[in-house]
Amino acid sequence: MKGNQVEIIENNLADISRQQASLRERRLAHICDRAKYLGGQFSDKLFFTSDAFREIYNEVNSTIFAEDVPEFNVKATTDLMNETDNFDKIYLCRKLIELYSDLDINLIFGGGEKNDRIAYLRNSYTDTAYEIFSREIEDATVTYCADFNAVCEDVYYSRSGMCILPTENSTDGNLMRFRNLIKKYDLKIVMTCAVEAAQESVTKFALLKKNVEYIKMKKKHPLYFEISAVTENLRRLLSAAENYGFKLYKIDSVPISYSESEYSYDIIFSSDNGELFPFICYLFLELPQFNPMGIYTHL
């Protein structure tokens with residue numbers, strides 16, 4: 001009798017799974033229709049970056065929660081619907097990007113200006129970093145600066161196209177002085193490298209520009225996508241990243257002074273072959289205040 005009961009339960013669960021698969025397929029078809037509708041509202045291929053599009057997106061994507069859920073099932077049902085809602089948006093952004101096959105990172109973030117002069121404060125370690133970076137930058141030239149503020153200002157005022165700063169080392173971790181300089185001058189990482197220092201320590205250096213830009217390497221390297229964002233639901237963001245093929249590489253959090261539940265996160269994602277443009281679309285629509293810190297490779 002017990003065996004029969006287990007078999008009945010398993011058959012019922014299998015039947016529900018088949019029904020869910022059928023419903024999911026129909027749901028995805030409706031989301032495709034929604035993507036075509038939304039994409040048809042704007043002719044600009046960068047529609048997903050605009051406030052006007054985000055308003056329409058939020059209007060048609062407002063979550064409808066089920067009513068009359070038994071009290072003991074409220075949390076489980078709400079969690080499930082939140083996951084479904086996020087998955088819908090992940091899939092929708094993928095379909096939105098499929099409407100435009102010729103997107104370009106430089107077009108989205110305003111990069112691509114040709115200026116191969118690199119500014120840095122000279123010492124043996126930055127000289128080594130410059131040598132590594134210059135192998136990937138044709139016709140690179142150099143400007144030596146008196147201090148690190150001058151290094152950043154050289155790029156900020158467009159006297160140089162790029163600059164080199166240390167960002168972390170194996171002894172101290174993040175070098176906050178330089179991280180703060182990067183944020184102060186709103187510089188974007190376009191490449192990083194590791195330089196061996198004294199006593200077997202390693203320092204990570206960043207090559208930075210005024211705008212996010214993807215520099216194609218002579219050899220294939222993993223891609224890193226670094227952002228800064230404030231969110232109450234980190235889980236949704238990480239779930240989206242994973243669905244688009246981006247792994248969490250590193251995360252640092254700082255509490256927001258005016259809130260007990262919100263944090264500012266500096267997040268680095270890595271990927272060998274992720275869906276970068278759908279992920280960027282998701283970020284613009286779901287976290288419009290996110291700050292892209294760089295899209296880069298590590299040498």
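Any value given below was found using the heavy atoms of this structure, including those in side chains, with hydrogens, waters and symmetry copies removed.
Looking at every heavy atom in both residues, Phe53 comes nearest to Leu38 through CE1-O, 3.5 Å. Leu103 approaches Leu46 most closely through the heavy-atom pair CD2-CD2, 3.9 Å. The heavy-atom pair separating Ala35 from Lys95 by the smallest distance is CB-CB, 3.7 Å. Heavy-atom minimum distance, Thr297 versus Pro222: CG2-O, 3.6 Å. Here the closest heavy-atom approach between residue Lys183 and residue Ser228 is recorded as NZ-OG, 4.4 Å. Shown here for Cys163 and Leu187, the closest heavy-atom pair between the two residues is SG-CD1, 3.9 Å.
For the atom pair CG of Leu248 and CG of Leu234, the computed distance is 8.0 Å after rounding to the nearest 0.5 Å. Remark: Ile105 CD1 to Asn211 CG distance equals 12.5 Å, nearest 0.5 Å. Residue Glu153 holds its CD atom at 7.0 Å from CZ of Arg159, rounded to the nearest 0.5 Å. For the atom pair OH (Tyr244) and CD1 (Ile90), the distance works out to 5.5 Å, reported to the nearest 0.5 Å. Atom CG of Leu208 is separated from atom OG1 of Thr167 by 8.5 Å, given to the nearest 0.5 angstrom. Atom CD1 in Ile164 sits 5.5 Å away from atom CZ in Phe133 (nearest 0.5 Å).
The number of heavy-atom neighbours closer than 6.0 Å to CD of Glu196, taken from other residues, nucleotides and ligands shown, is 12 or below. Within a 6.0 Å radius of NZ in Lys247, other residues, nucleotides and ligands contribute 12 heavy atoms or fewer. More than 12 heavy atoms of other residues, nucleotides or ligands sit less than 6.0 Å from atom CD of Glu98.
Proximity of a side-chain donor or acceptor of Tyr249 to a complementary backbone N or O of Glu226 within less than 3.5 Å is not detected. No side-chain donor-acceptor contact under 3.5 Å links Asp44 to the backbone of Phe47. Glu136 places no side-chain N or O within 3.5 Å of a backbone atom of Ile132 that could act as its donor or acceptor partner. Side chain of Ser264 to backbone of Val254: no donor-acceptor contact under 3.5 angstrom is found. Within the 3.5 Å criterion, the main-chain N or O of Met162 finds no donor-acceptor partner in the side chain of Ser160. Side chain of Asn174 to main chain of Met176: no donor-acceptor pair is present (N/O by atom type, distance under 3.5 Å, no hydrogens or angles).
Residues satisfying the salt bridge (Lys or Arg N to Asp or Glu O under 4.0 Å) test with Glu131, not counting sequence neighbours, are none. For the side-chain hydrogen bond (donor to acceptor under 3.5 Å, both in side chains) test, residues two or more places apart in sequence or in another chain that qualify with Thr143 are Arg117. The salt bridge (Lys or Arg N to Asp or Glu O under 4.0 Å) search around Lys184 returns none, not counting sequence neighbours.
Two residues are said to be in side-chain contact when any heavy atoms from C-beta on lie closer than 4.5 Å; Arg236 and Thr231 fail this criterion. Side-chain contact between Cys145 and Leu121: absent, with no pair of heavy atoms (C-beta onward) separated by less than 4.5 Å. In this structure, Cys152 and Leu165 have side chains that are in contact, with non-hydrogen atoms separated by less than 4.5 Å. When side chains are defined from C-beta on, Val212 does not count as touching Ile108, because their heavy atoms never get closer than 4.5 Å.
Ion pair Asp252/Arg179 not flagged as a salt bridge, since none of the NZ, NE, NH1 or NH2 atoms sits closer than 4.0 Å to an Asp/Glu carboxylate oxygen.
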Identify all side-chain donor-acceptor contacts of residues 267-280 below 3.5 Å with residues at least two apart in sequence or on another chain.
{"residue": "Ser271", "atom": "OG", "partner": "Gly245", "partner atom": "O", "Å": "2.9"}
{"residue": "Ser271", "atom": "OG", "partner": "Asn273", "partner atom": "N", "Å": "3.2"}
{"residue": "Ser271", "atom": "OG", "partner": "Gly274", "partner atom": "N", "Å": "2.6"}
{"residue": "Glu275", "atom": "OE1", "partner": "Arg94", "partner atom": "NE", "Å": "2.8"}
{"residue": "Glu275", "atom": "OE2", "partner": "Arg94", "partner atom": "NE", "Å": "3.3"}
{"residue": "Glu275", "atom": "OE2", "partner": "Arg94", "partner atom": "NH2", "Å": "2.9"}

With a cut-off of 3.5 Å and sequence neighbours excluded, list every side-chain donor-acceptor pair involving residues 281-295.
{"residue": "Tyr282", "atom": "OH", "partner": "Asn86", "partner atom": "OD1", "Å": "2.6"}
{"residue": "Glu286", "atom": "OE2", "partner": "Tyr57", "partner atom": "OH", "Å": "2.7"}
{"residue": "Asn291", "atom": "OD1", "partner": "Lys188", "partner atom": "NZ", "Å": "2.8"}

| query | Could you walk me through whether Leu237 and Tyr265 pass the side-chain contact (heavy atoms from CB on, under 4.5 Å) check? | reply | CA-CA 11 Å; Leu237 171 58; Tyr265 297 98; over 6 Å; no
| field | Stepwise side-chain contact (heavy atoms from CB on, under 4.5 Å) check, Arg122 with Val142 | value | CA-CA 10 Å; Arg122 192 173 193 188; Val142 64; over 6 Å; no
| request: Evaluate the criterion side-chain hydrogen bond (donor to acceptor under 3.5 Å, both in side chains) for residue pair Thr126 and Asn123; output intermediate values, then yes/no. | output: CA-CA 5 Å; Thr126 48; Asn123 59 50; 3.1 Å; yes
| task | Report the C-alpha distance between Val151 and Leu181 in whole Å, list the side-chain angles of each, state the deciding distance to 0.1 Å, and finish with yes or no for side-chain contact (heavy atoms from CB on, under 4.5 Å). | result | CA-CA 10 Å; Val151 166; Leu181 277 176; over 6 Å; no
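Note on Ile189: it does not cluster hydrophobically with Ile251, by side-chain heavy-atom contacts below 4.5 Å among ILVMFWY residues. Val155 and Met191 fall into different hydrophobic clusters, where Ile, Leu, Val, Met, Phe, Trp and Tyr are joined by side-chain heavy atoms under 4.5 Å apart, directly or via other members. Hydrophobic clustering (ILVMFWY, side-chain heavy atoms < 4.5 Å, transitive): Phe109 and Tyr214 are in one cluster. By the criterion of side-chain heavy atoms lying less than 4.5 angstrom apart, applied directly or through intervening Ile, Leu, Val, Met, Phe, Trp or Tyr residues, Tyr125 is not grouped with Val202; the two fall into different hydrophobic clusters. Criterion: ILVMFWY side-chain heavy atoms under 4.5 Å apart, direct or through other members. Under it, Ile31 and Ile56 are part of a common hydrophobic cluster.
Note: Tyr224 and Tyr296 meet the aromatic proximity criterion, with ring centroids under 6.0 Å apart.
Counting only residues at least two apart or in different chains, ring-ring contact (aromatic ring centres under 6.0 Å, His included) contacts with residues 135-172 comprise Tyr120-Tyr144, Phe148-Phe178, Tyr156-Tyr185.
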